[in-house]
Structures are given as C-alpha cells and as structure tokens.
**Q** 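I have a structure here, written as structure tokens, and I will follow up with some questions on it.
Predicted, not measured: the structure shown is a model, and the values here were computed from it.
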Amino acid sequence: MSSSTEWPLWEVFVRSRRGLAHTHAGSLHAPDAEMALRNARDLYTRRSEGVSLWVVPSAAITASSPDEKDSFFEPAADKPYRHPTFYDIPEGVKHL
C-alpha cells in the first residue's frame with residue numbers, strides 16, 4: 001500500500017452451482033479478508049450464481065512470466081506418462 005487511505009487489492013474466485021472448481025471472477029479493494037469476502041459476495045454472486053467464494057490478497061499471488069513460458073513448461077513435455085493417453089477411462093468414472 002502506498003498510503004494509509006489505500007486498501008489492498010484482493011482477487012476473487014467463485015465456484016458456481018454446477019462447477020467443481022473455483023474460477024477467477026475479478027478483483028476488488030477491501031481493508032481486510034472479512035470485508036473482501038462480504039464485498040465479493042455482494043459484487044460477484046448477486047444472482048445466486050455461486051456456492052463458494054475465495055478471496056486472496058493479490059500480493060500473495062506469484063505467477064510465471066509469459067516471456068519464459070517455453071523454458072518454464074518444457075520439463076513437462078518429457079513426461080508423457082502424466083497424460084491419460086496410455087489407458088482407457090472406465091465409463092463409471094466421472095470428473096477425471
């Protein structure tokens with residue numbers, strides 16, 4: 001925070017009624033986590049779209065650099081066993 005009158009930025013994630021995962025809904029400013037959660041509820045779930053909310057301080061998020069995407073994600077390319085292409089998924093298995 002650059003001054004005492006400026007609130008920190010929070011990232012908001014919402015899980016929809018039909019969803020299994022939280023998705024990024026947007027950002028907002030709030031003085032603390034409780035107020036961020038209440039403001040997120042009022043702002044991002046006005047039409048009862050969500051069943052769960054996460055608020056995370058933006059300063060706590062660390063992201064990879066788009067400029068380094070090739071070198072950063074390259075090690076995953078030499079591990080084909082991590083991809084479900086070598087076996088059949090049974091019919092009864094959901095959400096895989």
Side-chain angles (χ1 to χ4, degrees):
M1 292 189 317
S2 60
S3 71
S4 60
T5 60
E6 198 173 305
W7 290 347
L9 184 64
W10 297 80
E11 300 302 324
V12 179
F13 298 85
V14 178
R15 184 169 65 97
S16 67
R17 291 191 180 278
R18 295 186 186 139
L20 294 174
H22 287 75
T23 57
H24 185 255
S27 305
L28 56 83
H29 289 274
D32 56 34
E34 184 178 340
M35 185 60 74
L37 197 56
R38 290 178 187 273
N39 289 349
R41 178 199 60 202
D42 294 344
L43 186 61
Y44 294 106
T45 63
R46 289 181 286 189
R47 296 179 188 96
S48 301
E49 316 80 343
V51 294
S52 177
L53 284 172
W54 290 347
V55 292
V56 180
S58 291
I61 296 175
T62 304
S64 61
S65 169
D67 297 336
E68 298 173 353
K69 68 179 179 186
D70 294 333
S71 63
F72 187 77
F73 293 104
E74 182 180 351
D78 64 350
K79 298 177 179 79
Y81 56 85
R82 292 186 175 178
H83 304 286
T85 57
F86 297 104
Y87 56 88
D88 295 325
I89 299 172
E91 289 183 31
V93 176
K94 296 180 182 180
H95 309 299
L96 184 67

**Q** Of the non-hydrogen atoms in Val55 and Ala33, which two are nearest, and what is the gap between them?
**A** CG2-O, 3.9 Å
**Q** Please report the interatomic distance CH2(Trp10) to CD1(Ile61), rounded to the nearest 0.5 Å.
**A** 10.5 Å
**Q** Just wondering, are more than 12 heavy atoms of other shown residues or ligands nearer than 6.0 Å to CZ in Arg18?
**A** no
**Q** Taking all non-hydrogen atoms of both residues into account, name the closest pair between Pro31 and Met35 and its distance.
**A** CD-CG, 3.8 Å
**Q** Which atom pair, heavy atoms only, marks the closest approach of His22 to Ser52?
**A** NE2-OG, 2.8 Å
**Q** Do Glu11 and Ser58 have a side chain donor and acceptor closer than 3.5 Å?
**A** yes
**Q** Under a 3.5 Å distance rule, please check whether Tyr44 uses its side chain to pair with a backbone N or O of Asn39 as donor and acceptor.
**A** no
**Q** First locate atom CZ of Arg38, then atom CG of Leu53, and finally report the distance between them rounded to the nearest 0.5 Å.
**A** 12.0 Å
**Q** Please find the pair of heavy atoms, one from Ser27 and one from Leu9, that lie closest to each other, and give the distance.
**A** CB-CD1, 3.8 Å
**Q** Fit a plane to each ring of Phe13 and His24, take the angle between them on a 0 to 90° scale, and name the class: parallel (under 30°), tilted (30 to 60°) or perpendicular (over 60°).
**A** perpendicular
**Q** Of all heavy-atom pairs between Val14 and Ala25, which one has the smallest distance, and what is that distance?
**A** CG2-CB, 3.7 Å
